[in-house]
Amino acid sequence: MLTLKQIRENPEEVIKRLRIKNFDASDLIHQVLEADTERRRIQTETDARQADLNLKSKEIGALLQQQKVEEANHARQEVAALKEDLKQLNQELHRLENKLNELLVLIPNLPHSSVPPGKGAPDNVEVRHGGAIPELNDQALPHWDLGTKYGLIDFDLGNKLTGAGFPVFTGKGAKLVRALIGFFLDEAEKEGYREVLPPLMVNEASAYGTGQLPDKEGQMYQLATDPYYLIPTAEVPVTNIYRDVILDAGELPVKNTAYTPCFRREAGSYGKDVRGLNRVHQFDKVEIVQIQHPDKSYDTLEEMVSHVEQLVMKLGLPYRILQLCGGDLSFTSALTYDFEVYAAAQKKWLEVSSVSNFESYQANRLRLRYREPGSKKTLLAHTLNGSALALPRIIAALLENNQTPEGIKIPEALVPYTHYKTIP
RNA sequence: GGAGAAAUGGCAGAGUGGUCGAAUGCGGCGGUCUUGAAAACCGUUGUCCGCUUAUCGGCGGACCGGGGGUUCGAAUCCCUCUUUCUCCGCCA
């Protein structure tokens, strides 16, 4: 969430910048300012009363030690009214703190100054593209048919075992998944990321820390028996490693990578672009996460984009990089680049990665801070993450683009992991 | 799942109702000494919020796993939750 300081110091600027996200914050911001002023007034009052009470208590203690029981009892009676006041004040303080927090959580992150205005996907701006779009003949099959034809993916079986959106990979298909995971992790490791294998369920505090709660509750699967959520992305556990942590500036950047399955309910997206692997409820993804100094976080964002770009290039997939417009930017992001690869049989661009700088928005919720050498002051760090990469759509594009009469060709970079060159 | 023990500052570890933000040790930082380093010695050492301050800072409040309670006063007593350890059961 935004810091109170940001809002207090420049409320009009905050409102103005959130308009780029098509978010009208004026009402919320004014409520925040009001609650904040009131909270500070009450706290000053509460602190003063508490100080009085503390003093009185010490006096009573001293009197009792001097055996002045009479006077002590008298003082005790005096304190009763003070305590009553204090109780009221504390309740009010709690109420205001809660209200303030509830309001702050409803305000999205500010978009970076470079974010173009716009309502949705059509307004995203292409940054660059690469790779050649293959020419396929009329007999070219979409990946869901290829998956069945070569015995790689069984959608019906997934339906039987679980339900729609839970494909089963079999044979060389399963091996391909494992190969991609290994490849992506190795590439990340070469770039200095530490590998983490986190829990696939998180508690409420973690879901809250990265902003899944309270905003996107409907996106996550929640357990019926325990207060845990299945992770929608490795970002959640991996970023939350640093919840309530104070780092030394010298430790930055902190680079972690993780492979995890991801679970998404995708409520409300039925019927649109959901065929085959285009949109599923469980999928595999390698995520890269960095914690960086605020002065360097945008350099880091570019570095992460170029890492992802290397991956799609090595896989030989035609891709384009888009900068998301205000309307398409997520609640918590300040700047996001989406990667799309072209699936030549469907003739569609599929999103395979989203690389974002959250600046201090997540860090504020996480209480993730850093300290400059020799300084006592703690400052909010910046967090960034990106998919590197999400598997299903990569597989869709690989299958479709590389289909030949002899079978499906595997990109050179992947062969050391698949140990086969073709799926005949 | 059952029985018992425990959770204190970066770490270790005292503290069972008042003068405890908390002894002591280690670590960290600053200094003395030294050609330099080590050792020794001296000093210092948490986080958050509010008020005040041009700044350094000053003052107040909160925090001893989380939440609630008793009391004029709680690290200390009570309730509850979480976690850890030991034993038993079950189990990959």
Side-chain angles (χ1 to χ4, degrees), chain A residues 1-9 32-105 197-209 213 222-223 225-229 237 240-252 254 360 362-381:
Chain A
M1 56 189 153
L2 299 179
T3 61
L4 267 174
K5 199 166 168 249
Q6 280 173 294
I7 294 170
R8 250 186 233 153
E9 285 175 359
V32 166
L33 290 173
E34 205 173 295
D36 178 47
T37 307
E38 185 65 3
R39 188 201 107 238
R40 280 145 75 192
R41 191 179 72 78
I42 298 288
Q43 191 184 331
T44 306
E45 178 77 13
T46 307
D47 287 356
R49 286 298 155 87
Q50 187 66 55
D52 289 347
L53 182 64
N54 291 349
L55 204 66
K56 285 277 184 216
S57 292
K58 280 187 184 168
E59 282 171 21
I60 291 170
L63 287 172
L64 286 173
Q65 283 209 327
Q66 296 163 36
Q67 311 287 325
K68 295 179 182 169
V69 179
E70 195 67 23
E71 288 175 50
N73 283 336
H74 186 69
R76 262 193 252 246
Q77 281 165 17
E78 279 179 8
V79 160
L82 194 55
K83 277 191 74 179
E84 190 49 41
D85 282 0
L86 206 48
K87 200 175 161 186
Q88 303 267 331
L89 283 166
N90 267 319
Q91 270 175 14
E92 182 65 1
L93 192 60
H94 268 109
R95 193 185 65 80
L96 287 163
E97 278 169 353
N98 288 338
K99 183 179 172 189
L100 205 47
N101 199 45
E102 281 164 21
L103 290 169
L104 284 172
V105 149
L197 189 64
L200 306 182
M201 298 178 202
V202 293
N203 57 28
E204 277 187 26
S206 294
Y208 182 84
L213 291 180
Q222 188 175 181
L223 298 203
T225 47
D226 292 280
Y228 299 149
Y229 296 86
N240 271 282
I241 294 172
Y242 299 93
R243 172 150 46 86
D244 286 311
V245 167
I246 302 174
L247 298 159
D248 288 324
E251 296 176 75
L252 301 173
V254 172
S360 61
Q362 283 184 333
N364 189 215
R365 271 203 210 185
L366 292 162
R367 277 156 271 119
L368 162 53
R369 290 156 293 167
Y370 73 97
R371 212 187 322 251
E372 298 287 0
S375 168
K376 283 188 170 182
K377 244 173 121 174
T378 59
L379 300 161
L380 292 172

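What you see below is based on every heavy atom in this structure, not just the backbone, and it leaves out hydrogens, waters and symmetry mates. Note on naming: letters A, B, ... go to the chains in the order of the sequence lines (proteins, then strands), and numbering restarts at 1 for each one.
- The salt bridge (Lys or Arg N to Asp or Glu O under 4.0 Å) search around A:Glu251 returns none, not counting sequence neighbours.
- Taking the side-chain contact (heavy atoms from CB on, under 4.5 Å) definition, one finds that A:Gln222 meets it with A:Glu217, A:Tyr229, sequence neighbours left out.
- Taking OG1 of A:Thr46 as the reference point, atom CG of A:Leu53 lies at 12.0 Å (rounded to 0.5 Å).
- Nucleotide B:G28 holds its P atom 16 Å from the CD atom of A:Glu251, rounded to whole Å.
- For A:Ser360, the side chain to side chain donor-acceptor pair (under 3.5 Å) criterion is met by no residue, not counting sequence neighbours.
- Here A:Arg8 pairs with A:Asp36 under the salt bridge (Lys or Arg N to Asp or Glu O under 4.0 Å) rule; sequence neighbours left out.
- When the P atom is used for both B:G9 and B:G46, the distance is 14 Å, rounded to whole Å.
- A:Tyr370 is linked by a ring-ring contact (aromatic ring centres under 6.0 Å, His included) to A:His293, counting only residues two or more places apart in sequence or in another chain.
- Going from the P atom of B:G69 to that of B:G18 covers 22 Å, rounded to whole Å.
- Annotation: B:C64 and B:G15 have their C1' atoms spaced 11 Å apart (nearest Å).
- Every residue two or more places apart in sequence or in another chain was checked for a side chain to side chain donor-acceptor pair (under 3.5 Å) with A:Thr37, and none qualifies.
- For the pair A:Arg41 and A:Glu38, the salt-bridge criterion is met [side-chain N within less than 4.0 Å of a carboxylate O].
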Residues 79-95 of chain A, side-chain donor-acceptor partners within the protein, below 3.5 Å, at least two apart:
unit_1: A:Asp85; atom_1: OD2; unit_2: A:Arg49; atom_2: NH1; d: 3.0
unit_1: A:Asn90; atom_1: ND2; unit_2: A:Leu86; atom_2: O; d: 3.4
unit_1: A:Glu92; atom_1: OE1; unit_2: A:Arg95; atom_2: NE; d: 3.2
unit_1: A:Glu92; atom_1: OE2; unit_2: A:Arg95; atom_2: NH2; d: 3.0
unit_1: A:His94; atom_1: ND1; unit_2: A:Asn90; atom_2: O; d: 3.2

Counting primed atoms, P, OP1 and OP2 as sugar-phosphate and everything else as base, the B/S/- map of nucleotides 48-64 of chain B against protein heavy atoms under 4.0 Å is SBSS--------BSS--

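- Residues satisfying the salt bridge (Lys or Arg N to Asp or Glu O under 4.0 Å) test with A:Glu78, not counting sequence neighbours, are A:Lys56.
- Checked against side-chain contact (heavy atoms from CB on, under 4.5 Å), A:Ala48 has no partners two or more places apart in sequence or in another chain.
- When heavy atoms are screened at a 4.0 angstrom cut-off, A:Arg49 is found touching no nucleic acid atom at all.
- Comparing B:A23 with B:U8, their C1' atoms are spaced 12 Å from each other, to the whole Å.
- Secondary-structure annotation of RNA chain B gives the stems B:1-7 with B:82-88, B:10-12 with B:24-26, B:27-32 with B:40-45, B:46-52 with B:57-63, B:65-69 with B:77-81, with a stem taken as at least 3 successive Watson-Crick or G-U pairs whose two distances both fall under 3.5 Å.
- Nucleotides B:C85 and B:U76, compared at atom P, are 24 Å apart to the nearest Å.
- Across the C1' atoms, B:A39 and B:A22 are found 31 Å apart, a figure rounded to whole Å.
- Spacing of C1' atoms, B:A75 relative to B:U16, comes out at 10 Å, to the nearest Å.
- Taking atom P in both B:C49 and B:G31, the straight-line distance is 30 Å, to the nearest Å.
- Atom C1' of nucleotide B:G73 and atom CG of A:Leu82 are separated by 13 Å, given to the nearest angstrom.
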Can you tabulate the close N/O pairs, meaning under 3.5 Å, that link protein atoms to atoms of nucleotides 67-72 of chain B?
unit_1: B:C72; atom_1: O2'; unit_2: A:Ser57; atom_2: OG; d: 3.0
unit_1: B:C72; atom_1: N4; unit_2: A:Arg76; atom_2: NH1; d: 3.4

